[in-house]
Amino acid sequence: MRSDSRSGPVQRPGRGSLTAMSADRSNLAFGDAFVRQLHDADPVETQEWLDSLDAVIEERGPIRARYLLAKLAQRAHERDVGLPQVVTTPYINTIPAEEEPPYPGDEWLEKRIRRFIRWNAAVMVIKANHQVKGIGGHLSTFASSALLYEVGFHHFFRGKAGGGPGDAVYIQGHAAPGIYARAYLERRIDEAQLDRFRTEIGPNGLSSYPHPRLMPDFWEYPTVSMGLGPINSIYHARFYKYLQNRGIDDTSESRVWAFLGDGETDEPETLGSITLAAREGLDNLTWVINCNLQRLDGPVRGNGKIIQELETIFRGAGWNVIKVIWGSNWDPLLAADTEGALVEVMNATVDGEYQRYKAEDGAYVRKHFFGKDPRALRLVEHLSDDEIWALRRGGHDPRKVYAAYRAATELKDAPTVILAKTIKGWTLGPDVEGRNATHQIKELTNQQLRDLRDRLHLHEEIPDEAFEGDRDPPYYRPDESSPEYQYLMEARKRLHGPLPARVIRIRSPLTLPPADAFGEMYAGSGKAEASTTTAFTRLLRNLTRVEGFGRRVVPIVPDEARTFGMDGLFRELKIYASRGQLYEPVDAQMLLAYIEAKDGQILEEGITEAGATASWIAAATSYATRGVPMVPFYIFYSMFGFQRVGDLLWAAADARARGFLLGATAGRTTLQGEGLQHQDGHSHVLASVVPTCRAYDPAFAYELGVIVEDGIGRMYGNEEDVFYYLTLYNENYPMPPKPKGVDRGILDGLYRWEGAPEAVPTKAAILFSGTAFLAAREARDELAEHYGVAAELWSATSYKALREQALEVERWNRLHPRAEPLSPYVTHALSGIGGPVVAVTDFMRMVPDQIAPWVPGTYVTLGTDGFGRSDSRPALRRFFEVDAGHIVVATLAALARDSKVDPATVEDAMRRYEIDPETPAPWTV
Ligand SMILES: Cc1ncc(C[n+]2csc(CCOP(=O)(O)OP(=O)(O)O)c2C)c(N)n1
Ligand SMILES: [Mg+2]
């Protein structure tokens with residue numbers, strides 16, 4: 001293909017030569033795939049154009065030729081000719097110097113403020129490490145991005161004072177020290193707090209990273225697990241458009257800013273949803289990628305250029321890309337570079353070299369960078385080595401950064417990414433700047449600190465005496481009457497107050513649904529069979545119909561609505577589509593038609609569990625971000641929940657998310673046929689690790705109703721920062737009506753569902769959850785009929801809740817040795833059984849094992865440990881040893897241990913139910 005003469009001479013990508021590289025790439029897309037398929041209506045004319053081009057290349061060189069082609073492409077674009085987009089541009093700033101707006105601030109005062117902040121951030125981390133060896137903290141991330149934040153703080157980020165929700169700013173986790181340092185200047189935190197950076201046990205502690213769970217009045221968005229901030233920011237911005245388009249809240253005055261690291265872009269979550277942002281035209285979203293060319297271990301792309309790589313990806317995805325590579329003092333050099341030699345050197349230099357330059361000096365840069373081309377070298381003849389050294393990177397130049405932010409915020413219909421080139425560890429001195437180890441440096445010697453003080457010109461503020469005797473030098477904040485303080489505060493006043501600040505101010509209260517919204521759940525299904533999934537769909541529909549509340553319900557699905565029988569909601573609630581429906585759907589005539597609408601309520605996220613979870617987080621934190629509580633129900637394959645997006649759900653808990661997660665098609669034997677990758681027997685184990693997740697495994701529609709009703713009350717009435725995980729099954733059976741007096745037990749995790757058959761002497765209890773109810777009930781009947789055992793049936797809706805309550809009681813007892821010991825709920829509830837307790841679940845035994853220490857008497861658990869596989873429900877239940885026969889045998893074996901039945905009885909049951917003791921255990925095969 002490449003040798004085809006029609007596509008022109010093959011250009012080999014020269015080492016790092018971007019011009020060559022981009023020409024080569026566009027040949028592939030443009031020359032081959034496009035031109036070869038077009039009809040040449042006038043070959044003579046074509047040849048004339050080609051000859052002209054050849055002549056320009058030969059006489060004026062490739063740079064002139066490229067200019068002319070670019071100009072032609074520009075004109076073609078202006079005249080709507082429709083050419084494929086160029087995705088890579090030369091390694092220079094996107095905004096030319098002459099198009100920069102004037103800087104609106106006082107550059108000197110802003111520089112002074114930055115210096116104070118840089119100083120305090122460094123001293124805070126260093127002091128923390130002197131106080132507690134190894135406590136950690138980061139100096140160089142913020143050192144590289146200080147200006148990126150500060151331009152935002154002085155000129156862009158809107159706060160919440162005055163009642164509005166302001167902007168949402170996702171701060172890079174490792175930049176936290178700089179944010180504290182600014183808050184200190186603003187008098188929002190004091191020295192005592194700075195001294196407690198990373199010492200959170202006790203009062204006044206500052207958390208290592210942004211954690212709303214730990215600093216609920218300060219941090220808003222957890223970001224330190226790389227990749228999660230970026231994806232959350234996209235869905236956050238999209239959720240603002242959703243609120244706007246549905247007429248629920250005016251979000252037009254809020255922007256979502258996300259600051260991320262260049263290394264962080266390797267996370268699939270970072271780049272995985274960027275096309276959504278472009279497709280949805282999220283002009284309320286601005287990403288600032290701090291391209292310091294380094295990650296933790298070393299260079300991000302030593303052999304390439306991360307900025308160029310990201311430019312291609314983002315442009316290809318439809319984002320507006322603004323590269324901020326070179327500072328203002330490069331402008332005269334670039335203006336003088338009439339032959340394009342300097343740009344060529346810039347293009348040809350790889351990041352590993354750029355990093356090295358900044359760890360050397362001006363003479364080195366002259367020789368190794370400019371020296372690559374004699375014409376480039378001539379451009380800097382008039383500069384001293386020091387002046388060459390002072391040539392700045394774009395991300396450290398306020399004018400360049402301001403111009404980029406301004407352009408980003410003025411653009412309509414597309415998200416913007418700003419690729420800002422910086423130096424990791426900037427201003428921290430030659431031992432830190434650009435060094436591969438810079439990320440983890442958290443201490444500076446007394447001398448290094450003095451040097452930092454000198455570099456920041458803080459001699460007056462931090463005099464020499466401050467360093468005497470190897471003391472930690474003090475923090476510094478200018479007096480309230482100082483011009484710096486006045487300037488800083490004035491800017492924040494103009495922009496509606498400080499930031500970050502997590503303020504819960506309900507601007508649009510939610511009316512809770514009345515009890516009768518749950519009536520259908522409580523009535524039962526009579527003789528008709530239903531699954532808990534269909535019950536949930538009814539409940540969801542009923543809730544969306546509740547006047548005043550229904551509009552706040554946000555159903556979220558990742559391409560599984562049909563799987564869960566929710567397609568019936570498409571017509572009634574409609575699927576959210578920011579541009580409405582531009583086509584007539586194939587099933588338009590049908591009742592269950594796929595209806596999209598601009599004010600649609602359902603968020604149909606497509607096949608992205610990470611995206612759908614981020615979407616859920618956006619809705620689940622709307623009470624805080626906007627003061628508009630929304631009630632999200634995110635329903636998904638339970639196997640693709642915690643297992644797939646566990647870290648996002650952890651971040652959701654950190655962010656104090658409130659909402660419902662529904663793990664459908666739950667269970668390792670109930671979802672028949674699907675096999676190893678689909679059958680979930682452990683999401684309740686994974687859910688058990690999240691402290692604020694209330695996890696339930698209901699068996700009946702009424703249990704579901706009770707849990708959701710209580711959940712809405714807790715989260716939206718009582719303002720509890722918890723969320724719910726409920727598993728739903730797809731097996732049908734008649735849903736019983738709600739018995740009297742069971743609500744408390746359902747919520748606490750356990751209640752007696754049915755007493756034992758009377759007049760049967762031997763006692764036992766069977767605890768079931770979810771669909772294990774069926775086998776439990778059958779086993780109860782078999783035990784009574786064949787073995788004279790009277791087993792009570794108990795529904796165990798939440799082992800997690802039982803365990804947490806028991807742990808609390810146990811702790812109380814431990815710490816109150818003189819008091820009469822209290823009894824955990826589970827112990828108390830099961831105390832009157834008078835026989836063994838057998839628990840059966842469609843999840844791993846680890847789930848019921850959670851309560852083992854507190855069950856009185858003999859306790860046996862049956863569950864689905866091992867890999868799932870495809871087969872029928874009866875075959876799977878036999879295989880995993882959770883069918884009625886196995887429950888009977890387990891109950892009798894427990895009774896035999898307690899010497900209440902003879903071992904021969906157990907053997908008899910094994911024969912009756914054809915259980916072979918030599919069968920290998922399911923988790924071993
Ligand atoms: C998911 C995850 N993996 C690993 C880490 C550990 N980690 C913290 S910072 C860092 C490097 C960050 O590099 P970059 O994104 O370029 O940020 P910079 O500090 O250079 O601005 C790593 C690997 C993490 N915080 N989260
Ligand atoms: Mg980096």
Side-chain angles (χ1 to χ4, degrees), residues 118 121-122 125 136-150 152 170-179 198 207-211 219 221-233 257-272 287-302 304-310 313 324-325 350-352 354-355 358-359 393-396 401 417-428 432-442 610 613-614 644-652 654:
R118 285 180 182 284
V125 173
H138 296 84
L139 299 170
S140 54
T141 299
F142 179 71
S144 67
S145 54
L147 183 116
L148 301 179
Y149 291 104
E150 282 302 303
Y170 285 69
I171 288 158
Q172 219 186 327
H174 297 77
I179 306 303
R198 289 193 168 223
S207 60
S208 46
Y209 302 115
H211 293 303
W219 293 116
Y221 310 106
T223 48
V224 82
S225 179
M226 317 234 112
L228 304 190
I231 193 171
N232 280 336
S233 73
W257 295 81
F259 286 78
L260 46 148
D262 47 359
E264 187 173 7
T265 61
D266 281 336
E267 291 284 4
E269 288 89 344
T270 303
L271 297 183
W287 276 16
V288 181
I289 306 189
N290 174 20
C291 295
N292 55 25
L293 315 185
Q294 291 180 246
R295 49 193 179 205
L296 192 152
D297 283 340
V300 177
R301 292 288 183 274
K305 282 202 281 298
I306 185 64
I307 291 180
Q308 297 300 87
E309 183 179 322
L310 292 174
I313 294 168
V324 182
I325 303 178
V350 295
D351 281 354
Y354 280 119
Q355 183 191 345
K358 285 301 171 189
R393 288 190 177 171
H396 299 304
V401 172
V417 60
I418 292 159
L419 304 172
K421 187 169 178 168
T422 63
I423 295 166
K424 194 150 178 169
W426 171 238
T427 69
L428 294 176
V432 183
E433 283 175 5
R435 298 286 164 189
N436 273 337
T438 190
H439 188 84
Q440 288 186 299
I441 295 175
K442 43 194 130 284
T613 308
R644 181 81 179 216
V645 293
D647 200 16
L648 263 171
L649 293 174
W650 187 255
D654 187 348

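Just follow the structure's listing: the first ligand is 1, and inside any ligand the first atom is 1. Residue numbers start at 1 and run along the sequence shown.
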Does any N, O or S atom in [X] come within less than 2.8 Å of the Mg ion (ligand 2)?
{"X": "Glu264", "answer": "no"}
{"X": "Gln294", "answer": "yes"}
{"X": "Asn292", "answer": "yes"}

| remark: Correct closest heavy-atom pair for Trp426 and Ala143 would be O-CB, 3.4 Å
| query | Do you know the tightest heavy-atom contact between Ile231 and Ala614? | reply | O-CB, 4.0 Å
Any sub-3.5 Å donor-acceptor pair from [X]'s side-chain atoms to [Y]'s backbone N or O?
{"X": "Thr270", "Y": "Glu264", "result": "yes"}
{"X": "Asp351", "Y": "Val300", "result": "no"}
{"X": "Glu269", "Y": "Met226", "result": "no"}
{"X": "Ser140", "Y": "Thr438", "result": "yes"}
{"X": "Arg644", "Y": "Ala610", "result": "no"}

List ligand 1 atoms under 4.0 Å from [X], heavy atoms only on the residue side.
{"X": "Gly263", "answer": "14 (P), 15 (O), 16 (O)"}
{"X": "Thr141", "answer": "18 (P), 19 (O), 21 (O)"}
{"X": "Val224", "answer": "24 (C), 25 (N), 26 (N)"}
{"X": "Gln172", "answer": "17 (O), 18 (P), 19 (O), 21 (O)"}
{"X": "Asn292", "answer": "18 (P), 20 (O), 21 (O)"}
{"X": "Asn290", "answer": "21 (O)"}

| query | Which one holds for Arg295 and ligand 1: side chain close, backbone close, both close, or neither close, with close meaning a heavy atom under 4.0 Å? | reply |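 Contact part for Arg295 vs ligand 1: both backbone and side chain.
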Write out the residue and atom name of the closest protein heavy atom to [atom], then the distance separating them to 0.1 Å.
{"atom": "atom 20 (O) of ligand 1", "value": "Lys424 NZ, 2.6 Å"}
{"atom": "atom 7 (N) of ligand 1", "value": "Leu296 CD1, 4.1 Å"}
{"atom": "atom 15 (O) of ligand 1", "value": "Glu264 N, 2.9 Å"}
{"atom": "atom 24 (C) of ligand 1", "value": "Met226 CG, 3.3 Å"}

| message | Taking ring-ring contact (aromatic ring centres under 6.0 Å, His included) as the criterion, tell me which of Phe259, Trp257, Tyr170 meets it with Tyr149. | response | Phe259
| request: Consider every N or O of Asp647 and every N or O of ligand 1, then say whether any pair is closer than 3.5 Å. | output: no
| request: Could you tell me whether some N/O pair between Val300 and ligand 1 is separated by less than 3.5 angstrom? | output: no
| task | Compute the minimum heavy-atom distance from His138 to ligand 1 and say whether it is under 4.0 Å. | result |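 No, that is not the case, since the closest heavy atom of the residue is not under 4.0 Å from the ligand.
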| Sub-4.0 Å heavy-atom contact, Ser225 with ligand 1 | yes
| When you measure from the Mg ion (ligand 2) to each N, O or S atom of Asp262, which atom gives the shortest distance? |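 The nearest such atom is OD1.
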| request: Classify the side-chain pair Asn436/Gln355 by whether it contains a donor and acceptor separated by less than 3.5 Å. | output: yes
| message | Within the protein, is there a heavy atom lying under 4.0 Å from atom 11 (C) of ligand 1? | response | yes
| message | As a test of understanding, state which of Ile423, Ile306, Thr422 forms a side chain to side chain contact (heavy atoms under 4.5 Å, CB included) with Asn292. | response |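 So the option named by the test is Thr422.
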| Charged N to carboxylate O under 4.0 angstrom, Arg301 versus Asp266? |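 The answer is yes: the pair qualifies as a salt bridge.
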| task | For the residue pair His211 and Tyr209, categorise the inter-ring angle as parallel (less than 30°), tilted (30 to 60°) or perpendicular (more than 60°). | result |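 Answer is perpendicular, since the angle exceeds 60°.
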